[in-house]
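Below is one structure; the comments refer to it alone.
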Amino acid sequence: MAERVIILMTTSVRTRFAPSPTGDMHIGGVRTAIFSWLTAKRHDGLFFIRIEDTDQDRRVPGSCRRILETFDWLGIELDGGPDHASLQLMSSDEDYPGALEDGSSRGIPGSFIQSQRLPHYREWAEWLVANGCAYRANETPEELEHMRADVIARKEVWSFREEMRLRTDVDSSQPHVIRLRVNPRDGTTHLHDLVKGDVCFENANVDDTVLLKADGYPTYHLANVVDDHLQGVTHVIRGDDWLSSAPKHVLLYKYFGWEMPKFAHVPNVLGEDGRKLSKRHGATGVFEFRDQGYLPTAVINFLAMLGWAPGEGDEQNVFTIPELIEKFSEDHIGTSPAVFSYTKLDWLNGMHIRRLPPAELAQHLIPFAQKAGIALDTPERMERFLRAVPLIQERIKTLKDAAGLIDFMFTDIPPVTAASLIDKKMDQAASLKVLRETRELLAQLPDFDPTIMEQAMRQLAERLTVKPGALFTIVRNVVTGKSVTPPLFGTISVMGREMTLERLDRAIDVLNR
RNA sequence: GGCCCCAUCGUCUAGUGGCCUAGGACGAAGCCCUCUCAAGGCUUAAACUCGGGUUCGAAUCCCGAUGGGGUCACCA
């Protein structure tokens, strides 16, 4: 036991999520981020984000702040990330109110934006050249394209190699790239992956990839390895699609003589047809889910279980964030790709909604209700809304569903028609009588308490010799304008006497005609 | 096409050689509860891709086939 404590204290887990600022975050990326975050937090470690903006062409201004906003919404606290100053240094002058004041406050060296770390990459690229692990090359993109086309025309496998260089006298003061020298050419490069297990690559299949581009920016391969080492990353958790370039990274760690982090390549998220999840399957951006009324805790819960399960006979499905952190284990991440199920997300969202204290749920609901046209501009209306929330809590799957269930409490309902008021088993006269008696009863009832109201109405039904259900149905139609509503008496109680009686009167008029 | 990864109910998964006539969850169907709708409870249908091995014994280990996915840029 004492031994275990020591291990926990001396092993500081550090993970990162490294998005490139090319637009809103994809839900698959969010899942990878969640796995990384959970891994760090499970071990009481640090989780940070690093913006990989080494391709100036692909940069989408504003996406950096959107990434920060994503984590804000999810409720995931970052232990490192871009701060205000470095955010503004980006070419678009962007900023985000929620950005960290000091990006490296937890002892992780910044910057957290790769375009501001260029000297590091240059330094280590030159180090590789000086140590025979990399070389300079200056073929133009057009030349490379021709070489590639020739090789492919011969149906051979394209792979750049040092001896294929068109010019060997590369002037280091002129534009050129620095390429990885794969060495030895034979033999294999081995990787132990936390989710895939042992993976082996023939060095002959690993090409001399570009490490430093002619514009002075690094490629992913270099930047990623240099940064992860400098920033003390212990677990590299990333998408499956990086697995095939992993040998390049392993080689780099070896060349540098740096300790290799643990790798975990997590499988992709697929759409319902088994293809990689994309827009035609439905929502894919985080903010789409937010705007459609999903709770961040439900999204995290759902994503975490997409490819992960507690295992060992534990059959829990609904998790709070602390439970997730406690039970998560990176070596229980599944090996095969998972299909994104919108219906299961709906169910989980409903579960999380039901577990929220009503007051908290109400706060989540307010913007959605307002957007749907429910004005909450007076204390009285807000009070009514707050009282309505418990009535719908177990009836909604998304925050968006709420408005449709309670709108009639806030807006006029369409005029009733005589036909809709006459129950199948009742004629016009009977319906009229029922409504008049109900009106009379509710007008005199001293208290609009749901239980008292229900008792009185049941007595009324008995007196009129109609079934309670039939009575309630008629009243429901009249008072709400709908055939499906939250429980009748709770609803009437929230609506209040004035609105209820007015709607009853209107219906009585219609039947009287 | 080369290389790499993957393969249990429709979906997410448990399962690491005997506890598996394969467990849970979503979804589906039915029943109960019930003022409608939900929620909740109970029940049912539903899977180890195929073929060879190894073993007394395989969903679990090995080989092969098939099928899916990823990757082959001065993109990440």
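Chain identifiers are assigned alphabetically (A, B, ...) following the order of the sequence lines, protein sequences preceding nucleic acid strands; residue numbering begins at 1 within each chain.
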message: Does the plane of the ring in A:Tyr220 sit parallel, tilted or perpendicular to the ring in A:Trp242? Use 30° and 60° as the thresholds.
response: parallel

query: For the pair made of NE2 in A:His265 and C1' in B:rC4, what is the distance, rounded to whole Å?
result: 11 Å

Touch class at under 4.0 angstrom, heavy-atom based, for A:Leu488 against every strand present: base

- prompt: Between B:rG24, B:rC26, B:rU11, which one does the side chain of A:Thr343 approach most closely?
  reply: B:rC26

message: Between A:Lys262 and A:Asp331, does any side-chain N to carboxylate O distance fall below 4.0 Å?
response: no

field: Distance between C1' atoms of B:rU60 and B:rC19 (Å, rounded)
entry: 14 Å

query: Rounded to the Å, how far apart are A:Leu306 CG and B:rC26 P?
result: 16 Å

Rounded distance (Å) that lies between atom C1' of B:rA25 and atom CG of A:Asn317: 4 Å

field: Pairwise P distance, B:rC4 and B:rU44 [rounded to whole Å]
entry: 46 Å

query: Under 30°, 30 to 60°, or over 60°: which ring-plane class applies to A:Tyr253 and A:Phe263, parallel, tilted or perpendicular?
result: perpendicular

task: Specify the residue among A:Pro487 and A:Lys196 whose closest nucleotide of RNA chain B lies further upstream toward the 5′ end.
output: A:Lys196

statement: Per atom distances to the A:Glu454 side chain, the nearest of B:rC5, B:rA25, B:rC35 is B:rC35

Between C1' of B:rG27 and CG of A:Leu348, the distance in whole Å: 13 Å

- prompt: Got a salt bridge between A:Glu94 and A:Arg59, using NZ or NE/NH1/NH2 to carboxylate O under 4.0 Å?
  reply: yes

task: Consider the side chain of A:Asn205, meaning its heavy atoms from C-beta on, and name the nucleotide among B:rG40, B:rU36, B:rG2 that approaches it most closely.
output: B:rG2

message: Would you measure the distance from the C1' atom in B:rA22 across to the matching atom in B:rG64 and give it in whole Å?
response: 26 Å

- prompt: Which part of the nucleic acid, if any, lies within contact of A:Pro141, taking any heavy atom under 4.0 Å across all strands shown: a base, the sugar-phosphate backbone alone, or nothing?
  reply: base

task: Looking at every strand, decide which applies to A:Ala214 at a 4.0 Å heavy-atom threshold: base, sugar-phosphate, or nothing.
output: base

Nearest-angstrom distance, P atom, B:rU21 to B:rA58: 12 Å

- prompt: So which nucleotide from B:rA73, B:rC3, B:rG24 ends up closest to the side chain of A:Trp158?
  reply: B:rA73

- prompt: Using the P atom in both, what is the distance from B:rA25 to B:rG41, to the nearest Å?
  reply: 9 Å

message: What's A:Phe201 touching, base or sugar-phosphate or nothing? Going by heavy atoms closer than 4.0 Å.
response: sugar-phosphate

Gap in Å between the two C1' atoms, one belonging to B:rC42 and one to B:rC35, rounded: 23 Å

- request: Scan A:Gly307 against the nucleic acid and name what it touches under 4.0 Å (heavy atoms): base, sugar-phosphate only, or nothing.
  value: sugar-phosphate

task: Measure from the side-chain heavy atoms of A:Asp55 and tell me the nearest of B:rA76, B:rC72, B:rA25.
output: B:rA76

query: Across the strands shown, which category fits A:Thr485 at heavy-atom distances under 4.0 angstrom: base, sugar-phosphate, nothing?
result: base

message: What is the separation between atom CD1 on A:Ile392 and atom P on B:rA38, rounded to the nearest whole Å?
response: 15 Å

task: Grab the NE2-C1' distance between A:His221 and B:rC75 for me, whole Å please.
output: 9 Å

- request: Can you tell me, in whole Å, how much space there is between the P of B:rC9 and that of B:rA47?
  value: 9 Å

- prompt: Using a cut-off of less than 4.0 Å, is there contact between a side-chain N or O of A:Thr54 and OP1 or OP2 of B:rA76?
  reply: yes

message: Is the phosphate of B:rG68 approached by A:Arg275 (side-chain N or O, under 4.0 Å from OP1 or OP2)?
response: no

- prompt: Is any side-chain N or O of A:Lys397 closer than 4.0 Å to OP1 or OP2 of B:rA38?
  reply: no

task: May I ask you to say whether A:Glu454 pairs ionically with A:Arg458, meaning some side-chain N is under 4.0 Å from a carboxylate O?
output: yes

query: Across the strands shown, which category fits A:Leu144 at heavy-atom distances under 4.0 angstrom: base, sugar-phosphate, nothing?
result: base

- request: Compare the minimum distances between each of B:rA73, B:rA25, B:rA7 and the side chain of A:Arg148, then state the nucleotide with the smallest one.
  value: B:rA73

query: Which base, if any, makes a Watson-Crick or G-U wobble pair with B:rA59, both distances under 3.5 Å?
result: none

field: OP1 or OP2 of B:rA76 under 4.0 Å from side-chain N/O of A:Arg238
entry: no

Sugar-phosphate, base or nothing in reach of A:Pro267, heavy atoms under 4.0 Å: nothing

- prompt: OP1 or OP2 of B:rC75 less than 4.0 angstrom from a side-chain nitrogen or oxygen of A:Thr22, does that happen here?
  reply: no

message: Classify A:Trp242 by what it touches in the nucleic acid, base, sugar-phosphate, or nothing, heavy-atom distance under 4.0 Å.
response: base

task: Measure from the side-chain heavy atoms of A:Phe472 and tell me the nearest of B:rC12, B:rC35, B:rG70.
output: B:rC35

- prompt: In Watson-Crick or G-U wobble terms, both distances under 3.5 Å, what is the partner of B:rA14?
  reply: none

- prompt: In the strands shown, is B:rG27 matched to any nucleotide by a Watson-Crick or G-U wobble pair with both distances under 3.5 Å, and which?
  reply: none

- request: Determine the interplanar angle of the A:Tyr135 and A:Phe160 rings, folded into 0 to 90°, and report it as parallel if under 30°, tilted if 30 to 60°, perpendicular if over 60°.
  value: parallel

message: Can you tell me the base-pairing partner of B:rC9? Count Watson-Crick or G-U wobble geometry only, both distances below 3.5 Å, and say none if there is no partner.
response: none

- prompt: How long is the span from the OG atom in A:Ser341 to the CE atom in A:Met305, to the nearest 0.5 Å?
  reply: 10.0 Å

query: With both distances under 3.5 angstrom, what nucleotide forms a Watson-Crick or G-U wobble pair with B:rA65?
result: B:rU49

task: Considering only NZ, NE, NH1 and NH2 on the basic side and carboxylate oxygens on the acidic side, decide whether A:Asp55 and A:Arg58 come within less than 4.0 Å.
output: yes

task: For B:rA73, give its Watson-Crick or G-U wobble partner with both distances under 3.5 Å, or none.
output: none

message: Is there a side-chain contact between A:Lys213 and the phosphate of B:rC75, meaning an N or O under 4.0 Å from OP1 or OP2?
response: yes

Listed nucleotide nearest any side-chain atom of A:Asp241, set B:rC3, B:rA25, B:rG70: B:rG70

- request: For the residue pair A:Val266 and A:Trp308, establish whether any side-chain heavy-atom pair is separated by less than 4.5 Å.
  value: no

query: Which is true for A:Val210 with a 4.0 Å heavy-atom rule: it touches a base, it touches only sugar-phosphate, or it touches nothing?
result: sugar-phosphate

task: Go through B:rG70, B:rC35, B:rG27 for me and flag the one nearest to the A:Asn268 side chain.
output: B:rG70

query: With a non-hydrogen cut-off below 4.0 angstrom, is A:Gln316 in contact with a base, only sugar-phosphate, or nothing?
result: nothing

message: Taking pairing as Watson-Crick or G-U wobble with both contacts under 3.5 Å, can you name the mate of B:rU54, or confirm there isn't one?
response: none

Spacing between A:Leu191 atom CG and B:rC4 atom P, to the nearest angstrom: 13 Å

message: For A:Ser483 and A:Asp198, find the nucleotide of RNA chain B closest to each by heavy atoms; which residue's nucleotide sits nearer the 5' end?
response: A:Asp198

message: By the 4.0 Å heavy-atom rule, please label A:Pro21 as base, sugar-phosphate, or nothing.
response: nothing

- prompt: So does A:Arg280 pair up with A:Asp273, basic N to acidic O under 4.0 Å?
  reply: yes

- prompt: When the distance from CG of A:Leu212 to C1' of B:rA76 is rounded to whole Å, what number comes out?
  reply: 16 Å

message: With rounding to the closest Å, how many angstrom separate the C1' atoms on B:rG24 and B:rU8?
response: 13 Å

